[in-house]
Student: 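If you scroll down you'll find the structure; I have some questions about it.
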Amino acid sequence: KLAHLGDRPLGELLFKDLSMRRGAIETARIPMTGGDQSATAVLLNGRAWARRSVFRLDQKPLLVSEVFLPQLLLSLSSQSL
């Protein structure tokens, strides 16, 4: 199924496939590298939020990991003010 995904988003396949089962979501704060000294990096204490979970499609595991860029989190927090 993944080989024929083409330019469609992975989420489109995962959440429309009736065989899909999602495992627990794990979250973590991981160190940002590259010496980023921007205001965003300082606000987040030099760490970025990440999450991962195992999806099963037809009983085959697929680990999906996501790292949320600090700029995204900063823009979301300023919208909620």
Side-chain angles (χ1 to χ4, degrees):
K1 292 179 182 182
L2 292 176
H4 303 289
L5 191 60
D7 61 358
R8 291 182 300 142
L10 178 60
E12 181 181 320
L13 170 68
L14 293 177
F15 294 105
K16 286 186 178 179
D17 191 308
L18 297 177
S19 74
M20 188 275 289
R21 299 291 177 260
R22 186 177 195 171
I25 297 173
E26 299 174 327
T27 60
R29 293 194 67 196
I30 58 174
M32 291 186 278
T33 59
D36 186 359
Q37 297 300 316
S38 68
T40 304
V42 171
L43 280 173
L44 295 172
N45 297 320
R47 296 186 176 274
W49 281 102
R51 70 180 180 188
R52 70 180 184 183
S53 60
V54 175
F55 290 83
R56 293 194 172 273
L57 294 170
D58 297 324
Q59 301 302 316
K60 296 178 184 118
L62 172 67
L63 176 64
V64 176
S65 300
E66 302 166 282
V67 177
F68 299 96
L69 298 175
Q71 293 81 358
L72 172 67
L73 297 175
L74 188 62
S75 68
L76 290 174
S77 67
S78 66
Q79 291 176 10
S80 64
L81 295 177

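What you are looking at is a predicted structure, and each value in this text was computed from that prediction instead of being measured.
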Student: Under 4.5 Å between side-chain heavy atoms, hopping through other hydrophobics if needed: is there a path connecting F15 to L13?
Tutor: yes

Student: Say you draw a straight line from CD of E66 to CZ of R51; how long is it, rounded to the nearest 0.5 Å?
Tutor: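 Interatomic distance, E66 CD to R51 CZ, rounded to 0.5 Å: 4.0 Å.
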
Student: Is a side-chain N or O of S53 found less than 3.5 angstrom from the main chain of I25, in a donor-acceptor match?
Tutor: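 Side chain of S53 to backbone of I25, a donor-acceptor pair under 3.5 Å: no, none is there.
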
Student: I need the minimum non-hydrogen distance between M20 and L57, along with the two atoms involved.
Tutor: CB-CD2, 3.7 Å

Student: Quick one: does D17's side chain have a donor or acceptor within less than 3.5 Å of a partner on S19's backbone?
Tutor: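 Between the backbone of S19 and the side chain of D17 there is a qualifying donor-acceptor contact (under 3.5 Å).
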
Student: In the single-linkage hydrophobic clustering (I, L, V, M, F, W, Y; side-chain heavy atoms under 4.5 Å), do F55 and L5 co-cluster?
Tutor: yes

Student: Verify the neighbour count for atom CD of E12: are there more than 12 heavy atoms of other residues, nucleotides or ligands below 6.0 Å?
Tutor: yes

